[in-house]
Novice: 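Have a look at this one before I ask anything.
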Amino acid sequence: MEKSCSLLIHFDKGTPALANEIKEALEGNDVPAKIDAMKKAVMLLLNGESLPQLFITIIRYVLPSEDHTIQKLLLLYLEIIEKTDSKGRVLPEMILICQNLRNNLQHPNEYLRGVTLRFLCRLNEVDIIEPLIPSIMSNLEHRHPFVRRNAILAVMSIYKLPQGEQLLVDAPEKIENVLTTEQDQPAKRNAFLMLFQCAQERAINYLLTHVDRVSDWGELLQMVVLDLIRKVCRTNKAEKGRYIKIIISLLTAPSAAVTYECAGTLVSLSSAPTAIRAAANTYCQLLQSQSDNNVKLIVLDRLNELKSSHKDIMVDMIMDVLRVLSSPNLDIRRKTLDIVLELITPRNINEVVLTLKKEVVKTQSGELEKNGEYRQMLIQAIHSCAIKFPEVASTVVHLLMDFLGDNNVASAIDVVVFVREIIETNPKLRVSIVTRLLDTFYQIRAARVCSCALWIIGEYCLSLSEVESGIATIKQCLGDLPFYSVSEESEATDSSKKTPQANSITTVSSRRPAILADGTYATQSAASETVFSPATVVQGSLTTGNLRSLLLTGDFFLGAVVACTLTKLILRLEEVQPSKIEVNKATANALLIMVSMLQLGQSSVLPHPIDNDSYDRIVLCIRLLCNTGDEVRQIWLSSCRESFVKMLSDKQLRESEEIKAKAQTSFSQPDDLIDFYHLKSRRGMSQLELEDAVQDDLKHATGEFVKDENDANKLNRVLQLTGFSDPVYAEAFVTVHHYDIVLDVTVINRTKETLQNLCLELATMGDLKLVERPQNYTLAPESSKQIKANIKVSSTETGVIFGNIVYETSNVLERTVVVLNDIHIDIMDYISPAMCSDAAFRTMWAEFEWENKVAVNTVIQDEKEFLDHIIKSTNMKCLTAPSALEDECGFLAANLYAKSAFGEDALVNLSIEKQSDGKLSGYIRIRSKTQGIALSLGDKITLKQKGGS
């Protein structure tokens, strides 16, 4: 057994000092050398050396020293040396130090008295302490506060010893007298703490006697008062009202620490709306007054907890919470927006959106490096506001469209996706959005944003003027035809080593695998990874089109989108343009553009030729414009929009189902008691006390005070560790709580003999760590013992705990060992389903380096059933829309996502195919940032995927 240690000092083991060198230095007269030698002796002792020969040297040469540093080091030395023998009796030589300690306690120097009293706080040997009691008590009345503070702490620690109450019979009374007369705030706090821990009734009496002056007490004392209130109110709920008044009075204390603790205490003790509102107000004030980012994050966490339990009260605080957006820290801003978005109601939506708009405008002017990321967060927040409350869309959509040409591509994509959704859901805004989009189209720089904007133009330009403007805008952005001259092509063939540079644009790895929405790989075109050099400002002008620039980098996917958009616009022009000549002219121009793109794709000007998909799409558009049938026209002009509408309605349905599922946990049942607290007997109670009493009655009635665990679930977690025929029977109840695993082991002695030195020895494999060393127990015949073992977890990984029980019997000298069954810690205890966007999923999929590929091997023959089985087995969330998984086609691809308790992301892609014999084949790919989660999840899937179990 290792003994406990009350101090910790860093020790460099590189050059350990020798005991002889230390001894020589201690015997000399050189004070600095003595100090150095004492430090070395203390470090060696802390690192397991015994150094028994030094004790007498220290008694002879160090004890008489007058130097304060040496005396302080001497006390550290005495603190860590072994003071008792194997039977627990104090060693006789320890009597030598008693006189020295008494002299120090009566020394004229305050520092020496104080450090000696502090040393006595960590001394457990009653035989050494007993002779010093009179000296310790006399220091309670010393003139210097430093001595009085430490004297009170020494009295408290001695009183807590097993025989402390016999040593200091009248200690609580004396400390209460000290508390009444003491003026020094830290000493007063120590005295109150002593009463709180050793004589609680006296502390309560003192607090209630001086209740009017609590707000004038020092910060340290107020913190102890709050601790006392928490403890008293948990044991005696009837007295809660008077203590809540004290907490309310402390909410205005000048100390931020006190107000924070007050708010936390108030929330834990009361559910009264007035109390919760006061706590929320306090948290909001702390957010404004504290500059430390960590404090702000902690306070936001507390507000988040309040939001989940007292949403109606938090709704009124929404504008106070929004003020935190002034902080430049992105984590704080993200957390703030997450809280605010769940508190939006029709009453406050306009104010919230106005604030978010102001923040978006600020990101334009500021020079902060993270402005792009912050703007993206704000755009996403405004997007979700506009989806929940469509009436606010008109106030924000035009402002956001200014950011279609944003340098931050992610933020520009968010804007264009928002515009696409709003133009469908808000028909009144269609004309103004289309007009604005056509005006600002030339500013768009990213290919993915261009593609989406072109789709909007193709679908929503309905009137003659809009269609003509759309065609003109696209022609303008493509520039003059052809895309290259014959001389350029001949130059390219002559010097194939030279790389063509088109309009100062460089491309990054144009052939990198990308992940499509169904989880399959595709070759990502250069467009999505175009890096603009400083000269790109020219592209924003009307003279050089942005579409032309992107096409000349080899982005033919965008070329195919341009061709499709032109085709839709020409087909619509045929419907709205009475003049056949104009239609034919526009058709000829469109065909010329498409043929020019094909020509560019097959020329040697660009390093990569056009890909087959884009080629086929452009050729299809050319054929269509040359020969149009009514059925095809219907598909191009209506079916695309219908698919988009269906996608939006699916998304809204999914979101509404999630909201319904959250609302399932209803706060009030149909037969709940309605309590009219105006009719209650008031008995001189304040409004807060009355509200609190009503809330408590309600909790009693609904059984909220009695949190009854699911007994059946609890029994499932009991693991048998030994056999029924073993002399010692053991079973464990495993509780997993985030970073901790608690093993509650019941050990039963099934023999007729007393088992001595019974010890539960455990060892772990994986990222598990035992917190404490095992203790020895004595077990009477046929009796049982509850042993608790704490284990820390540091990552999401399947761990194993194994061990044995060792004991001795009275008539056998040998030790008996009973080997225990292994306990497997399941990864599912740490994983919970979570949501993320498709874009975020793909980004993480590309970034994460650990992949585990599991081949499908199952008896299940239905693809959807197999997917449901995997979701249930892995406790993950399916991100793929249900509509995409409908119908029978023999193939299924789905993305699953979960988050661990440690904030790790787990990504799974399921791709399966039905074979001709009815069996399923394919792969399940798991990706994560850490190896543990990928391997553990893979093992779990391999184990469970067969089905039937």
Side-chain angles (χ1 to χ4, degrees), residues 304 308 334 338 341-342 380 383-384 387 515-520 647-665 736 738 795-798 826-848 850-852 854 856 858 860 862-886 892-912 922-930 932-934 936-945 947:
N304 199 19
S308 52
R334 187 177 290 110
D338 288 345
L341 287 178
E342 289 189 42
Q380 287 168 351
H383 186 167
S384 61
I387 301 304
I515 298 93
L516 299 178
D518 62 355
T520 54
M647 187 189 92
L648 282 185
S649 62
D650 276 357
K651 184 183 165 195
Q652 283 167 350
L653 184 70
R654 270 208 324 274
E655 284 172 357
S656 62
E657 279 175 0
E658 279 175 22
I659 292 166
K660 274 182 196 169
K662 279 183 187 174
Q664 283 298 312
T665 52
V736 177
H738 292 321
S795 76
T796 313
E797 194 174 323
T798 303
D826 195 349
I827 185 176
M828 291 305 107
D829 289 323
Y830 302 107
I831 281 187
S832 54
M835 276 298 293
C836 79
S837 66
D838 279 350
F841 184 92
R842 283 183 229 169
T843 307
M844 287 190 283
W845 188 270
E847 284 173 3
F848 289 174
W850 290 102
E851 180 176 283
N852 191 0
V854 179
V856 171
T858 180
I860 299 170
D862 180 69
E863 305 98 299
K864 189 78 175 64
E865 188 188 334
F866 180 68
L867 172 65
D868 292 339
H869 176 65
I870 293 294
I871 290 169
K872 189 180 174 186
S873 305
T874 55
N875 198 21
M876 298 186 90
K877 173 91 175 170
C878 182
L879 300 182
T880 310
S883 55
L885 302 170
E886 285 170 3
L892 186 143
N895 291 334
L896 314 180
Y897 178 65
K899 240 180 159 43
S900 79
F902 311 100
E904 298 162 319
D905 302 287
L907 314 178
V908 170
N909 170 254
L910 179 82
S911 299
I912 49 177
Y923 289 99
I924 300 167
R925 281 194 183 86
I926 303 141
R927 283 204 181 177
S928 68
K929 216 171 203 169
T930 54
I933 200 167
S936 302
L937 209 49
D939 293 344
K940 187 78 180 172
I941 288 171
T942 308
L943 191 70
K944 293 276 190 178
Q945 68 164 329

Novice: Just say parallel, tilted or perpendicular for the rings of His869 and Phe866, cut-offs at 30° and 60°.
Specialist: tilted
Novice: Let's go through Glu851 and Arg925 carefully: what are the C-alpha distance in whole Å and the side-chain angles of both, what is the deciding distance for salt bridge (Lys or Arg N to Asp or Glu O under 4.0 Å) to 0.1 Å, and is it a yes or a no?
Specialist: CA-CA 7 Å; Glu851 180 176 283; Arg925 281 194 183 86; 3.5 Å; yes
Novice: Applying side-chain contact (heavy atoms from CB on, under 4.5 Å), run through Ser911 and Tyr923 and close with a yes or a no.
Specialist: CA-CA 6 Å; Ser911 299; Tyr923 289 99; 5.8 Å; no
Novice: Distance check, rounded to the nearest 0.5 Å: Thr858 atom OG1 versus Glu865 atom CD?
Specialist: 8.0 Å
Novice: Got Lys929 and Glu904 here, is their nearest side-chain heavy-atom distance under 4.5 Å?
Specialist: no
Novice: Once you round to the nearest 0.5 Å, how far does OG1 of Thr874 lie from CG of Leu896?
Specialist: 6.0 Å
Novice: I need the Ile926 CD1 to Leu937 CG distance, nearest 0.5 Å.
Specialist: 5.0 Å
Novice: Is there a donor-acceptor contact under 3.5 Å from the side chain of Arg927 to the main chain of Leu907?
Specialist: no
Novice: Could you tell me which non-hydrogen atom of Ile933 sits nearest to which non-hydrogen atom of Ala906, and how far apart they are?
Specialist: CD1-CB, 4.0 Å
Novice: May I have the step-by-step check of salt bridge (Lys or Arg N to Asp or Glu O under 4.0 Å) for Arg334 and Asp338, ending in yes or no?
Specialist: CA-CA 6 Å; Arg334 187 177 290 110; Asp338 288 345; over 6 Å; no
Novice: Tell me the closest heavy-atom pair linking Ile871 and Cys878, and the distance in Å.
Specialist: CD1-CB, 3.6 Å
Novice: Between Asn909 (side chain only) and Asn895 (backbone N and O only), is there a donor and an acceptor less than 3.5 Å apart?
Specialist: no
Novice: In Å, rounded to the nearest 0.5 Å, how long is the span from OG of Ser832 to CE of Met876?
Specialist: 10.0 Å
Novice: Hey, what do you get for CG (Leu867) to NZ (Lys872), rounding to the nearest 0.5 Å?
Specialist: 13.5 Å
Novice: Kindly indicate whether the side chain of Cys836, heavy atoms from C-beta on, has any atom under 4.5 Å from the side chain of Leu879.
Specialist: yes
Novice: Not counting sequence neighbours, which residues clear side-chain hydrogen bond (donor to acceptor under 3.5 Å, both in side chains) with Asp905? List them please.
Specialist: Tyr897, Lys899
Novice: What's the separation between atom CD in Glu342 and atom CG in Asn304, rounded to the nearest 0.5 Å?
Specialist: 7.0 Å
